[in-house]
Amino acid sequence: MKGKLEQIKKEFQKEIEAVKSLADLEILDNKYLGRKSGALTSAMKELKSLAKEEIPKMGQLANEVKIFLTGEFEKTKKKLKSQDQISGSFDPTLPGTEQPIGHLHLVSQAIREISSIFEHIGFQRARYPEVEWDYYAFEALNMPISHPARDEWETFFIDQKPINKKLGQRILTPHTSSGQVREMEKGILPIRMMNISKTYRRQIDASHSPMFHQFEGLVIDKDINITHLKGTIEYFVKRFFGENREIRLRPHHFQFTEPSFEVDISCGVCEGRGCKLCKEGWLELAGAGLVHPNVLKAGKIDPNKYSGFAFGWGVERSYLMKSGLNIDDIRLLYKNDLRVINQF
Ligand code: FA5
């Protein structure tokens, strides 16, 4: 019996090495382990007819051969299956799986468009800190600590002790005007700055977001006057909103410009005739004015030699007012709802 079992194992090893397919493997499985006439199954049936003292020893050997055969079958099966997958299922002529391609958020698209429009008339992009000192956001802009105009910016304050008296408290910048004196401090004249960045205020409703973007133009040169300001704004409005849109400068008050204006554009819905959205045909979009002499002085520029203009706009509001966009809630831009975002 011992010789028979060893012979079965030897022949099996030779045969399994030659197996090339799962179908051949199944035939071999039947040949050796088949229930009715498998070579090993039949040998095991013969154990009963051995001498009593031989049975345990031969039984153990038969079991070892069975475990060996079963293990080899499993190993070969796995190997053949993975070969099948590699060679069988890969068809290089089939079209690949198309991956979805993302796109820029509409606010990023707006920022690119705005930058490019101003680049054409010589403005250079700048970006100043969003976590800013009180000094640059207010004090240097002609708003001393107790001035009530500061309230208009509904500022977020950082819970941190001031590091020196001049810079004051740390805040999240409420407007891009905080870049004005920083730009002047570089000491390079003339200035044509386009500062676009995130700004923060404690406000939230359909037309206010606590985080929003502003773009701030600042021009400092010799003999700058209101016609330069008006021409620049008009150029931007026609490029960004369309040739048919008009602008209006309405007298206003900002501490850091004199004179100051609010900039209105003619409504894109009724084309200036008056409707539900605009009431009288005009929409307010920005603040602007000629740079106050005290701000020039804070930036170490002589107001007797130089003058300048500045304007600050909301990026989101401007984008929402572009003709053809029907978004009536600014907060939709930041809800990350792909059904909205993917339309732009
Ligand atoms: C200012 O922030 C001035 N710094 C603008 C300025 C710059 C005046 C330079 C003179 C010279 P105002 O607070 O009006 O002004 O904001 C300007 C624009 O930012 C608004 O017209 C609006 O378009 C946008 N804006 C203001 N608050 C929000 C808000 N919470 N959410 C979205 N947009 C806002």
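Both counts, for ligands and for their atoms, begin at 1 and track the order of listing. As the structure is a prediction and not an experimental result, all values here were calculated from the model. Along the sequence shown, residues are numbered consecutively beginning with 1.
At a heavy-atom cutoff of 4.0 Å, ligand 1 is contacted by no atom of Glu152, backbone or side chain.
The distance from ligand 1 to the heavy atoms of Glu284 drops below 4.0 Å at these ligand atoms: 21 (O). Close contacts between ligand 1 and Ala310 involve ligand atoms 9 (C), 11 (C) [criterion: under 4.0 Å to a heavy atom].
For atom 27 (N) of ligand 1, the choice among Phe212, Trp313, Phe311, Phe254 with the nearest heavy atom turns out to be Phe212.
Taking 4.0 Å as the cut-off, Phe261 does not count as a neighbour of ligand 1 on heavy-atom distance. At a 4.0 Å cut-off, at least one heavy atom of Trp153 sits close enough to ligand 1 to count as contact. Judged by the shortest distance from any of its heavy atoms, Arg201 lies inside the 4.0 Å radius around the atoms of ligand 1.
Distance from atom 19 (O) of ligand 1 to its nearest protein heavy atom, with residue and atom name: Gln214 NE2, 3.1 Å. Of the protein's non-hydrogen atoms, the one nearest atom 8 (C) of ligand 1 is Gly287 C, 3.4 Å.
Between Phe241 and Phe236, the two ring planes are perpendicular [angle over 60°; tilted spans 30° to 60°]. Between Tyr235 and Phe118, the two ring planes are perpendicular [angle over 60°; tilted spans 30° to 60°].
Residues Leu218 and Asn195 have side chains not in contact (no heavy-atom distance under 4.5 Å, counting atoms from C-beta outward). The shortest side-chain heavy-atom distance between Gln180 and Tyr136 does not fall under the 4.5 Å cut-off.
Aromatic rings from Phe309 and Phe261 are positioned such that their centres are separated by 6.0 Å or more.
At least one cation-pi condition fails for Lys198 and Phe212: the charged atom is not both under 6.0 angstrom from the six-membered ring centre and inside a 45 degree cone around its axis.
Under the 4.5 Å side-chain heavy-atom criterion for ILVMFWY residues, no single connected hydrophobic cluster contains both Phe156 and Tyr128.
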